[in-house]
Amino acid sequence: MISVNENYSKLQASYLFSEIAKRVKAYQTAHPEAAVIRLGIGDVTLPLAPACREAMHKAVDELGEEATFRGYGPEQGYDFLREAIAVNDYQSRGCDIKASEIFVSDGSKCDCANIQELFADELRIAIPDPVYPVYVDTNVMAGRTGAAADGRYQGLCYLESTAANNFVPAPPAEAVDLIYLCFPNNPTGAVATKEQLKAWVDYAKANKALILFDAAYEAFIRDPEIPHSIYEIEGAKDVAIEFRSFSKKAGFTGVRCAFTVVPEGLKAYTKAGEEVALHAMWNRRHTTKFNGVSYPVQRAAEAVYSAEGARQTTEQVDYYLGNAKLIREGVKALGFDCVGGDNSPYVWVNVKGDSWEFFDRLLNEAQVVTTPGAGFGRCGQGYIRISAFNNREKVIEAMGRIAKALAN
Ligand SMILES: *Cc1c(COP(=O)(O)O)cnc(C)c1O
C-alpha cells in the first residue's frame, strides 16, 4: 500500500491570495467599468534590463554554434557568475566570501524550502510572525511541527514582529536550533541594524544554532548604516547561511536565478556532538537533486554586475523605491502609522482595525487592491501590506483614490 506523508494534512490552506482574487473578481463582476489598481502583488512589473537581455541573446547564439555550444554546466553554477557574485556582493563590502561558497540556483524559494533537508527531525525552530509562508510550511511538510491550532503550529517558536519591537524581533529567552530571518522583511518592509543582527549572531553562537538569512530584498537598502548581508556581522560566517535572488534585484521573477551562500567553515552537529561541514552536505544535496541554471540565464545574471547592468537594475529598484516613498508619505498624510517603504518595496500600514475589513474598504471605495496583513500570520492582523511594484501613474492614481475614499 502506498501511504502518504501525513504531515501534509497538517498544512493550513493559505487562503490569502486565493481569497484576494475571489474578492477582486466579485467586485469586478459587480462593477465591470471599474479600473482596479493592484498594489497587492509581490512581483516586479518593469521589463528586463537591456544589459541582461543582450547577455541572454548572446548566450543563446553561442548555444546555436557547434564551437560554443554547452551542455550540462556545473550544478553549483558557472565560475564566471560565482566569481562575479563573490566579488561584487561580498568582497566589495568587506565580507570574506569566496566563489566556491556560492551555490547558484533557480530561485530562493526553492533554496529556503530545501535547506531544511540537511537538519534533524527534532529541532527547535524560530520563525518570525508575520512571515513569508515558505519557511513554516516546509517544516510542517517535513514533520517538524505539531498540528495547527488558532493559526499557529505547535512546537514552533514564533518571533513576534510588532510595533513594540519596531518589527525586528530580538532573540528569544529559550534556546532554539534553527532561526529564519528575513531583512528587508516581506511583508513588513522593516530592516535590521548591525546591532540587531549582532545580537542574533551572538545568540546563535551561544546556542550552537544556525541562522537562515533571507536577503531577497537586499538591493532595496539605501540607508548606508543598514547591512546588506549577514556576513557584514563579525562571526556570522560560523553561524549563518544566506539566500539571495535576482528576482527583486533585477526583475528575474520570470527568468529564475538566485544563489545561496554556505561558508566552508560552517558547522552543524551529529547527535553525538561531532561537527559536520554544511558546505559539503549542501554540495552533495545540490549536485544530487539539481542540474544547474540554464547558461543564458546565468549570463543574464552576470550582466547585472557589469557597469551598464548595475546602472540599469539600480535605476529599476530606485523607480520602485520612488513608488514606495509616495505610498509611505500618502498613508502617513492620512494619519496612519507605517513601517517599510524606505529600504524596501513594501509599506506595512497599521489600519487601526481589521485587516480584511480595511482591504474590502479600499477595494470597494478606492478600487485599490492591497494585501491583508492577517494572511501573513497572527501578528499581521490590523495591518495591510501595500506593494510598490507597479507603474508610477497607477501608484499616484491609487494614492489619490485612497485619500478621497478615506476622507468620506
Ligand atoms: C520574492 C522572495 C524571494 C525570492 O524568491 P525567488 O524564488 O528567488 O523568486 C525570497 N524570499 C522572499 C521573502 C521573497 O519575498
Side-chain angles (χ1 to χ4, degrees), residues 14 16-17 39-46 48 52 77 81 85 89 102-116 126-139 159 161 167-169 179-192 211-221 228-230 240-261 286 289-290 292-294 297-298 300-301 304 313 316-317 320-321 324 339-341 343-348 371 373 375-377 379-380 385-390:
S14 173
L16 182 59
F17 290 98
L39 297 183
I41 39 174
D43 194 358
V44 295
T45 53
L46 291 172
L48 207 57
C52 298
L81 180 56
I85 292 167
D89 280 332
I102 311 287
F103 291 86
V104 176
S105 79
D106 61 357
S108 274
K109 187 192 215 175
C110 334
D111 289 348
C112 295
N114 292 328
I115 196 79
Q116 48 77 29
I127 301 193
D129 176 358
V131 76
Y132 182 59
V134 177
Y135 319 143
V136 174
D137 287 359
T138 53
N139 279 293
L159 303 169
S161 310
F167 305 93
V168 180
I179 301 147
Y180 288 82
L181 296 177
C182 174
F183 292 108
N185 190 265
N186 178 9
T188 69
V191 289
I211 297 170
L212 300 175
F213 192 74
D214 185 346
Y217 295 94
E218 162 277 329
F220 288 78
I221 296 172
H228 288 239
S229 166
I230 186 96
I241 287 173
E242 180 163 292
F243 304 98
R244 292 255 191 124
S245 174
F246 293 95
S247 284
K248 318 301 172 10
K249 178 186 177 76
F252 274 41
T253 52
V255 174
R256 310 305 303 144
C257 195
F259 60 90
T260 291
V261 186
H286 200 69
K289 297 197 177 185
F290 186 66
V293 173
S294 83
V297 166
Q298 292 194 57
V304 171
T313 53
Q316 296 188 333
V317 170
Y320 295 129
L321 283 169
V339 62
N343 296 288
S344 150
Y346 301 124
V347 181
W348 188 242
T371 312
F376 296 101
C379 294
R385 186 190 75 176
I386 307 184
S387 162
F389 291 126
N390 213 317

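This one's a predicted model, so the numbers in the text were calculated from it and none came from an experiment. One-based numbering, in listed order, for ligands and for the atoms of each.
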(request) List in chain and number order the residues that pass salt bridge (Lys or Arg N to Asp or Glu O under 4.0 Å) with Asp129, two or more places apart in sequence or in another chain; answer none if no residue qualifies. (result) Arg152
(message) Looking at Ile41, is its backbone amide N or carbonyl O close enough to the side chain of Ser387 to form a donor-acceptor pair, meaning the two atoms are under 3.5 Å apart?
(response) yes
(message) Please check: side-chain N/O of Thr371 versus main-chain N/O of Gly40, any donor-acceptor pairing under 3.5 Å?
(response) yes
(request) Would you mind telling me which of Phe243, Tyr135, Phe213 makes a side-chain contact (heavy atoms from CB on, under 4.5 Å) with Tyr180? (result) Tyr135
(request) Give a yes or no on whether the ring-centroid distance for Tyr346 and Tyr217 is below 6.0 angstrom. (result) yes
Enumerate, one pair per line, all nitrogen or oxygen atoms of ligand 1 lying under 3.5 Å from a protein nitrogen or oxygen, stating the separation to 0.1 Å; write 'none' if no such pair exists.
unit_1	atom_1	unit_2	atom_2	d
ligand 1	7 (O)	Ser108	N	3.2
ligand 1	7 (O)	Lys109	N	2.9
ligand 1	7 (O)	Arg256	NH2	2.8
ligand 1	8 (O)	Ser108	N	2.7
ligand 1	8 (O)	Ser245	OG	2.7
ligand 1	8 (O)	Ser247	OG	3.4
ligand 1	9 (O)	Ser247	OG	2.6
ligand 1	9 (O)	Arg256	NH1	2.9
ligand 1	9 (O)	Arg256	NH2	3.4
ligand 1	11 (N)	Asp214	OD1	3.4
ligand 1	11 (N)	Asp214	OD2	2.7
ligand 1	15 (O)	Asn186	ND2	2.9
ligand 1	15 (O)	Tyr217	OH	2.6
ligand 1	15 (O)	Lys248	NZ	3.4

(request) Determine yes or no for a side-chain-to-main-chain donor-acceptor pair under 3.5 angstrom, with His286 supplying the side chain and Val104 the backbone. (result) yes
